[in-house]
Undergrad: 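Before I ask anything, let me first share the structure, which is written out below as C-alpha cells.
Hydrogens, waters and symmetry mates are skipped; everything else that's a heavy atom, side chains included, is used. In what follows, chains are A, B, ... by sequence order, proteins preceding strands, each numbered from 1.
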Number of protein chains: 2
Amino acid sequence: MSEGGGKDTRERILRCAEELFGQRGYEAVVVADIAQACGVSTALIYYHYTDKESLLRALVERASAVFDVHTRTAVEGTGSARERLETFIESWVRSADEHESLLRILVRPLTDPGGPLSAELLEGIGRTVEDLAAVIAEGVEGGEFAPVDPGMAAECLLGLVNTRAAASVLSKLVPGEPVEPVRANADFIVQLFFRGTSA
Amino acid sequence: MSEGGGKDTRERILRCAEELFGQRGYEAVVVADIAQACGVSTALIYYHYTDKESLLRALVERASAVFDVHTRTAVEGTGSARERLETFIESWVRSADEHESLLRILVRPLTDPGGPLSAELLEGIGRTVEDLAAVIAEGVEGGEFAPVDPGMAAECLLGLVNTRAAASVLSKLVPGEPVEPVRANADFIVQLFFRGTSA
DNA sequence: CCCATGACTGAACGTTCAGTCAGTACACTG
DNA sequence: CAGTGTACTGACTGAACGTTCAGTCATGGG
C-alpha cells in the first residue's frame with residue numbers, strides 16, 4: 001500500500017488543522033479532532049509538531065505567503081494606482097476563494113484579539129492597511145481619485161475583500177448565486193470602490 | 001455600603017460576559033474569568049444562570065434587540081430607498097460603536113460556524129441581508145440605483161458596516177484617526193456606497 | 001426571637017484537554 | 001541477520017474546565 005512517507009503525513013495533518021481551525025477557530029478545535037480527521041493518533045501530531053500552537057504558526061506562515069503577495073505587487077507593481085488596486089482586489093478575492101480557511105485564520109484577531117499569535121497577525125494586517133493606504137494616497141495626490149482619507153479607504157477596502165472569508169457561509173444564506181461568484185464579487189467590489197471616483 | 005440586590009449582580013455578570021465573549025470569543029473564555037472580572041465566585045454565576053451557554057443566549061437576545069431595529073426601520077420606514085439605506089448605515093455604525101462586543105457576538109458565526117447558537121445567529125444574519133436586499137431591489141426597480149444584483153450589494157453593505165466590529169482593534173493599527181471617527185466612517189461608507197449610483 | 005428566604009461562597013466532582021512515554025512495526029544498511 | 005533510525009500508536013498524566021453542592025451570612029416578616 002506504500003502509505004507515503006512522513007513528509008506526506010505531516011502535510012496531511014497540517015491540511016486537516018487548516019480546515020478545522022478555519023471552520024471552528026483555534027480554541028474550539030481539540031487536537032484529538034485533528035487526529036481523527038486525518039486518521040492518525042493524537043501522539044503522531046506531537047511527533048511531527050511540538051505544540052498545538054506550532055500547528056497554527058505553520059498555517060499562519062502559509063497564509064501570509066499566500067496573501068502578502070497581493071499587497072506587495074500592489075505597492076511595487078507598475079501601472080496607475082487604480083489599475084494596481086483593481087488587480088489587488090481580483091487576486092485577493094480569488095485567493096480568498098481558494099484558501100478561505102487560511103484567510104479566516106489571518107483575520108480572526110480582528111474580532112478575536114488576545115488569542116495566540118494575534119499580535120503578529122495584527123501587525124501583518126496593519127502593514128497591509130498601510131500598504132493599501134499608500135497606493136490610495138498616491139492615487140489621490142496624482143488626482144486619480146477623489147480626495148478621500150487614504151487610511152479609512154484602505155480599512156474599508158480590506159474589510160470589503162475580507163468579507164469573502166465568510167463566503168461559504170454567506171452562500172448558504174443568500175439563495176441566488178451568480179454563475180461565477182468569485183469573478184462577480186470581485187467585479188462588484190471594483191465597481192463599488194471606483195464608480196465615480198475617477199477624477 | 002448597600003451592595004445592591006441580586007438583580008444588580010445578575011446584570012453585572014452579564015456585562016462582564018459581554019465584554020469577555022466579545023473580546024476573546026465564547027470558547028476562549030472560561031467561566032472563572034467572568035467571575036473574576038466582576039469580583040464574584042464562579043458558583044454565583046451558576047446561581048443566576050443555568051449554563052455558560054445561557055449567558056451567551058442572553059447576550060444574543062440583547063444584541064438582536066439592538067441591531068435588528070435598524071433593518072426593520074429600513075424596510076418599514078418612509079422615504080426613498082437611498083434615504084432609508086443612509087439612515088441604516090448611520091444608525092448601524094453608531095450602534096456598532098456603542099456595542100462593539102455585542103456586534104462581535106452577532107457576527108462571529110460568519111467566520112466561526114459550528115459554535116453554539118450559530119445556527120440561530122446565521123438565520124438572523126440571513127434575514128438582515130434579505131431585508132437590505134429588498135430595499136436595494138426597490139431602489140433599483142424604481143430607477144434610483146444603477147442595476148446591481150441586490151443580494152450581492154446587500155452582502156457587501158453588511159460586510160462594510162460589520163467591519164466596525166473590529167473598530168477598536170483597527171484604531172490601534174492605523175495611526176491617524178479622524179476627530180469624530182464614528183461619523184467620519186459612516187459618512188465614508190455612505191459615500192462609497194452611493195457615489196455615482198444615483199440614476 | 002426564630003426561622004424562612006435570597007444572595008452568595010469554598011471546596012469538591014467528573015470530564016476533557018494538551019501533552020508524554022514506552023514500546024511496536026518496518027524499512028534500510030552493513 | 002543484527003542493528004539503527006523513522007514513522008507511528010495505545011495508554012497514560014497533570015492541569016484546567018464546566019458544573020454541583022453543602023453550607024454561610026444578612027435581611028425581614030410573624
Side-chain angles (χ1 to χ4, degrees), chain A residues 1-61 105 108-109 112 114-120, chain B residues 1-60 105 108 112 114-118:
Chain A
M1 245 340 144
S2 92
E3 268 292 351
K7 270 276 179 285
D8 201 45
T9 312
R10 210 183 131 89
E11 175 63 23
R12 255 176 50 233
I13 290 171
L14 199 59
R15 284 258 229 278
C16 291
E18 175 184 330
E19 190 149 341
L20 288 174
F21 285 161
Q23 275 175 5
R24 305 187 207 159
Y26 178 78
E27 328 268 356
V29 174
V30 309
V31 178
D33 287 345
I34 304 174
Q36 201 184 1
C38 60
V40 299
S41 67
T42 309
L44 184 61
I45 293 179
Y46 288 94
Y47 174 75
H48 285 293
Y49 296 91
T50 62
D51 259 332
K52 188 188 179 187
E53 192 174 311
S54 78
L55 266 172
L56 182 65
R57 196 178 300 273
L59 289 171
V60 166
E61 278 165 25
I105 291 170
R108 192 174 307 269
D112 219 79
L117 271 61
S118 62
E120 311 176 27
Chain B
M1 248 333 150
S2 90
E3 267 292 351
K7 269 276 178 284
D8 199 46
T9 313
R10 209 182 133 91
E11 174 63 23
R12 254 175 51 233
I13 291 172
L14 200 59
R15 283 258 229 277
C16 290
E18 175 184 330
E19 190 150 341
L20 288 174
F21 285 161
Q23 275 175 4
R24 304 187 207 160
Y26 178 79
E27 327 269 356
V29 173
V30 310
V31 179
D33 287 345
I34 305 174
Q36 202 184 359
C38 61
V40 299
S41 67
T42 309
L44 184 61
I45 293 179
Y46 288 92
Y47 175 76
H48 284 293
Y49 297 91
T50 63
D51 258 332
K52 188 189 178 186
E53 192 175 312
S54 78
L55 266 172
L56 182 63
R57 197 177 300 274
L59 289 171
V60 165
I105 291 170
R108 193 174 305 268
D112 220 80
L117 273 59
S118 62

Undergrad: Between which residue ranges does DNA chain C form stems of three or more consecutive Watson-Crick or G-U wobble pairs, both distances under 3.5 Å?
TA: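 Only these stems qualify: C:1-30 with D:1-30.
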Undergrad: Would you give the length of the straight line joining atom CG of D51(A) to atom CD1 of I45(A), rounded to the nearest 0.5 angstrom?
TA: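 Result: 12.5 Å between the selected atoms.
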Undergrad: Give a yes or no on whether the backbone of V29(A) and the side-chain of R24(A) come within a donor-acceptor separation of less than 3.5 Å.
TA: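 Checked: no pair found.
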Undergrad: What's the separation between atom CG in L56(A) and atom OH in Y49(A), rounded to the nearest 0.5 Å?
TA: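 L56(A) atom CG to Y49(A) atom OH measures 12.0 Å (nearest 0.5 Å).
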Undergrad: Calculate, to the nearest 0.5 Å, the distance between atoms CD and SG belonging to E11(B) and C16(B) respectively.
TA: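 Result: 10.0 Å between the selected atoms.
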Undergrad: CG/L59(A) to CG/L14(A) distance, rounded to the nearest 0.5 angstrom?
TA: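 Separation between the atoms: 4.5 Å.
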Undergrad: Look at R57(A) together with E61(A) and state whether they make a salt bridge at an N to O cut-off of under 4.0 Å.
TA: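 Result for this pair is no, no salt bridge flagged.
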Undergrad: I need the R12(A) CZ to R15(A) CZ distance, nearest 0.5 Å.
TA: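 Reported to 0.5 Å precision, the distance equals 11.0 Å.
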Undergrad: Nearest 0.5 Å, please: how far is CD1 in I34(B) from CG in L55(B)?
TA: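 Here the rounded value is 5.5 Å.
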Undergrad: Which ones in residues 36-56 of chain A lie close to DNA chain D, meaning a heavy atom under 4.0 Å from one of its atoms?
TA: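 Heavy-atom contacts with DNA chain D come from V40(A), S41(A), A43(A), L44(A), Y47(A), H48(A).
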Undergrad: Does Y26(A) reach the main-chain N or O of I105(A) with its side chain, forming a donor-acceptor pair under 3.5 Å?
TA: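 No; judged by distance alone, with no hydrogens or angles, the pair does not exist.
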Undergrad: Nearest heavy-atom pair of R10(A) and H48(A): which atoms, and what distance?
TA: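 Minimum heavy-atom contact is NH1-O, 2.8 Å.
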Undergrad: Near DNA chain D, counting only heavy atoms under 4.0 Å, which residues of residues 13-31 of chain B show up?
TA: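 The answer is V29(B), V30(B), V31(B).
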